[in-house]
Amino acid sequence: MKLWRVDFLLHSIMRVLILYTISYTYGQSKEQTLLSQKQLDDITQHYTMSNIDSLDISKRLYHVSYFLKGAWLSQKDSLIYKGLLQKTWLLGKAKQYDSAIIYTQKLYDLADKHQDTVYIRKALTKFRIYYKSNNQLTKSFNYANESFKIARILRDTIAAGTSLLDMANIQAYLGDYSGSKTTAIDGVKYLEYTSDLKKLAGLYHIISVANTQQKNYTEALKYNEYALKLGKDSLTIKEIGVKNILIFKNTKALVLANQNHYEQAIGLLKELVFDTVVQQDRREYSRVLGNLGYVQWLQNKENENSEKILLKSLAIREEINDIEGLTTSNIYLTKYYFEKNKKRALKYAEAAYRNGKKWNSLTAILKALGVIFELRDNTNEEAKMFSRIHNELEEANQSNREIYAVTKYENDNLTNENLVLKAQKAQQESETARQRSQKIMYLLGTVILALSGGFVFYLLQQRYKREKIREVYDAETRISKKLHDELANDVYNVMVQIQNDQNSPDVLDKLEEIYNTTRDISREHNSFTTGENYAAELTNMLSGYSSNETKIIIKDIEDVNWEAVDPEKKIIVHRTLQELMINMKKHSEAGLVAVTFKKTLKNVGITYADNGIGVSEKEIIHSNGLRNAENRIKTIGGSFIFDSEKGKGFRARISFPN
């Protein structure tokens with residue numbers, strides 16, 4: 001034992017002396033920094049050792065660190081790049097993601113210094129991977145977006161599509177299914193005519209998943225079929241990956257189950273359960289098994305076999321420590337026991353919550369908390385956690401949307417510029433081929449068309465002016481009434497108070513109240529879009545009423561297919577909810593407000609609830625704002641039901657045809 005210690009000590013001293021000699025000898029001048037061939041051979045041997053899979057990861061890291069020190073001393077960029085790539089890869093393999101990010105930054109800085117696009121892209125890819133593995137998803141999304149921008153400029157369609165796939169997956173993981181679908185569809189545009197079938201299939205799959213979560217099952221099934229059709233023979237299946245094809249089939253079964261096609265879904269899941277590839281992968285086998293048990297229970301709530309299958313799936317996932325899978329299994333079992341055994345259902349809901357925290361999945365934590373709320377009486381701590389997690393998700397998704405919105409705008413401009421150039425070229429070629437008689441005919445036709453168009457435009461412009469005058473008049477009337485009712489009297493009272501007592505401390509407070517009233521009037525009459533960004537703008541409006549005293553929770557707004565809702569209905573929904581939020585801000589003293597959206601086959605439902613002081617039925621009857629909101633909803637064939645008592649909060653249920 002002593003001999004071993006002496007030998008190890010001598011070995012360590014020798015290595016320190018060698019490194020010191022290298023640093024001293026080759027640190028004096030630029031000419032002296034170049035290593036001898038023998039020293040290069042020595043550090044190259046260490047690089048070779050770092051590639052031996054049978055060695056412990058710590059020893060492999062030691063060897064690559066030794067190589068990297070020599071590479072820096074050699075001042076050879078090729079060796080430094082090689083060492084940094086190897087070290088970051090080994091650190092990622094060891095799950096030392098913080099260190100991997102630090103060395104990736106060194107790689108990026110070196111590549112950026114030399115404007116080496118190849119290594120800049122490699123560094124961005126590593127940033128994306130390690131930040132995602134470290135659960136820093138917004139940063140990962142940002143670096144994927146940077147990779148996409150470079151790929152777009154270099155016209156590398158495969159790299160561009162791959163980056164968009166990564167971004168769409170992150171958005172889906174964070175529960176932003178609308179954003180995920182948009183990003184993935186953009187990715188398809190880059191990959192649909194390339195040879196990268198695996199990435200294209202992945203984009204189709206994520207679009208299918210996003211549509212499933214949004215309850216657009218027909219679209220979900222369509223894109224799922226696109227993904228499956230890419231694997232039309234043994235060669236394409238091999239390229240996409242057998243495991244991926246099986247995952248697509250598993251997704252198809254879940255879509256069919258959501259459409260109540262239980263027999264088809266169960267048949268497909270049973271086929272997967274007996275597939276040898278699935279059986280060899282314990283993680284995938286437990287996933288398919290859990291889905292089979294859950295779908296069988298959906299088909300028949302009294303199916304005793306469902307419980308056995310669900311528990312078997314849970315046991316396998318516990319055995320392999322599949323935290324993500326355990327979260328899903330516990331949610332399935334919570335639903336299974338929800339009506340049968342509340343106590344047992346709560347146990348599995350709490351287990352799902354614990355696993356969601358271990359997995360560090362914000363969406364999984366929210367799902368588990370939502371079930372716990374329904375099963376447990378005292379949920380104060382969980383409510384605080386729900387609010388915090390919900391805000392984190394909203395901030396992450398908003399940040400991701402803003403990051404990609406800028407890039408998408410730049411991309412659209414680049415595309416438009418290319419189209420303009422092509423159009424100009426085509427026009428020049430066409431001009432040379434035209435004959436004089438055609439020019440005269442086209443000119444005559446243009447004059448007639450211009451005159452007709454000018455006349456129509458004049459009529460439309462006059463009509464538009466009349467409508468705008470009427471709108472301005474109506475708006476001025478409403479604002480004038482508000483100014484008179486809500487501001488004029490307050491201003492007069494302050495003037496009287498100042499005349500009576502100029503040093504009164506209440507004057508500033510009253511002036512602040514007048515300012516807040518003015519701001520509310522301004523906010524109430526702001527314009528907004530009814531287009532594809534309607535959901536985001538509605539979310540922003542509702543969130544704008546949050547403060548340190550009041551938390552706003554917005555749930556399932558993306559479940560509603562807003563694109564299918566008429567613009568007029570969107571305007572009324574916006575104004576109605578705005579009226580409720582203004583009413584809350586002025587009167588309720590609420591600490592928590594929840595606005596929940598739900599879409600059924602024929603209707604859209606919205607529930608507003610707060611924990612404020614509430615109002616009596618008599619106060620509701622005499623509230624002009626609430627009466628106006630109710631009348632608005634009735635104009636679109638909907639209903640508006642109030643439920644409130646003094647000291648018990650305020651609740652309103654809105655429903656209208658979609």
Side-chain angles (χ1 to χ4, degrees), residues 467-468 470-486 517 519-531 533-545 552 554-557 559-588 590 593-600 602-610 612 614-615 617-644 649-658:
E467 290 176 351
K468 291 304 292 182
R470 185 64 185 176
E471 287 178 10
V472 169
Y473 172 76
D474 291 341
E476 287 176 346
T477 302
R478 289 195 302 271
I479 295 171
S480 175
K481 189 176 185 303
K482 275 186 172 286
L483 289 173
H484 178 270
D485 294 346
E486 298 183 23
T517 301
R519 186 179 59 183
D520 289 341
I521 293 172
S522 174
R523 179 192 293 169
E524 182 179 355
H525 292 277
N526 278 346
S527 61
F528 57 90
T529 180
T530 58
N533 295 322
Y534 175 78
E537 190 156 341
L538 183 59
T539 300
N540 289 338
M541 184 275 288
L542 295 171
S543 301
Y545 288 88
I552 309 294
I554 305 161
K555 188 177 180 185
D556 299 333
I557 190 169
D559 286 355
V560 180
N561 183 13
W562 292 107
E563 293 180 8
V565 178
D566 294 338
E568 292 77 12
K569 293 181 180 180
K570 292 179 184 177
I571 293 171
I572 288 174
V573 168
H574 186 105
R575 292 303 187 200
T576 301
L577 290 177
Q578 188 178 52
E579 184 66 46
L580 288 174
M581 300 306 286
I582 292 172
N583 189 67
M584 175 274 296
K585 202 72 175 179
K586 288 181 178 178
H587 309 297
S588 76
V593 177
V595 183
T596 305
F597 295 79
K598 184 177 181 182
K599 179 181 180 300
T600 63
K602 295 182 178 180
N603 293 305
V604 173
I606 304 172
T607 302
Y608 167 94
D610 66 43
V615 293
E617 185 177 350
K618 183 178 180 181
E619 287 175 304
I620 293 176
I621 292 172
H622 291 91
S623 171
N624 289 331
L626 294 177
R627 286 296 131 199
N628 288 339
E630 183 180 17
N631 291 333
R632 283 194 184 109
I633 294 298
K634 285 182 178 179
T635 61
I636 58 173
S639 63
F640 194 167
I641 302 172
F642 307 102
D643 182 12
S644 179
F650 181 82
R651 186 181 181 91
R653 292 187 295 276
I654 301 168
S655 177
F656 62 90
N658 60 17

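Side-chain atoms of Ser644 come within 3.5 Å of backbone atoms of Gly649 as a donor-acceptor pair (strictly under, hydrogens ignored). Side-chain atoms of Asn583 never come within 3.5 Å of backbone atoms of Glu579 as a donor-acceptor pair (strictly under, hydrogens ignored). In this structure, the side chain of Tyr534 engages the main chain of Lys570 through a donor-acceptor pair within 3.5 Å. A distance-only check finds no donor-acceptor pair linking the side chain of Lys555 to the backbone of Ala594 [under 3.5 Å].
Atom CG of Asn631 and atom CZ of Phe640 lie 10.5 Å apart (nearest 0.5 Å). Atom-to-atom distance recorded for Ile557:CD1 and Thr539:OG1 is 3.5 Å, nearest 0.5 angstrom. In this structure, OG1 on Thr607 lies 5.5 Å from CZ on Arg651, to the nearest 0.5 angstrom. Between the CG atom of Leu542 and the CE atom of Met581 there is a distance of 5.5 Å, given to the nearest 0.5 Å. Note: Arg575 CZ to Ile572 CD1 = 11.0 Å, rounded to the nearest 0.5 Å. Note: Ser655 OG to Lys598 NZ = 10.5 Å, rounded to the nearest 0.5 Å.
Shown here are the salt bridge (Lys or Arg N to Asp or Glu O under 4.0 Å) partners of Lys634, two or more places apart in sequence or in another chain: Glu630. Among residues two or more places apart in sequence or in another chain, the side-chain contact (heavy atoms from CB on, under 4.5 Å) test is passed with Lys599 by Val560, Asn561, Asn658. Scanning for side-chain contact (heavy atoms from CB on, under 4.5 Å) contacts around Ala590 gives Met584, Ser588, Val593, Asp610, Asn611, with sequence neighbours left out. In this structure, the side-chain contact (heavy atoms from CB on, under 4.5 Å) partners of Asp566, at least two apart in sequence or on a different chain, are Glu568, Lys569. Among residues two or more places apart in sequence or in another chain, the side-chain contact (heavy atoms from CB on, under 4.5 Å) test is passed with Pro567 by Thr530. Remark: Phe656 engages no residue in a ring pair (Phe, Tyr, Trp, His ring centres under 6.0 Å) (not counting sequence neighbours).
Between Ile606 and the options Leu577, Thr596, Leu580, a side-chain contact (heavy atoms from CB on, under 4.5 Å) holds for only Leu577.
Taking every heavy atom of both residues into account, Pro657 and Asn603 meet most closely at CA-OD1, 3.4 Å.
Below 30°, between 30° and 60°, or above 60°: for Phe642 and Phe650 the angle between ring planes is between 30° and 60°, a tilted geometry.
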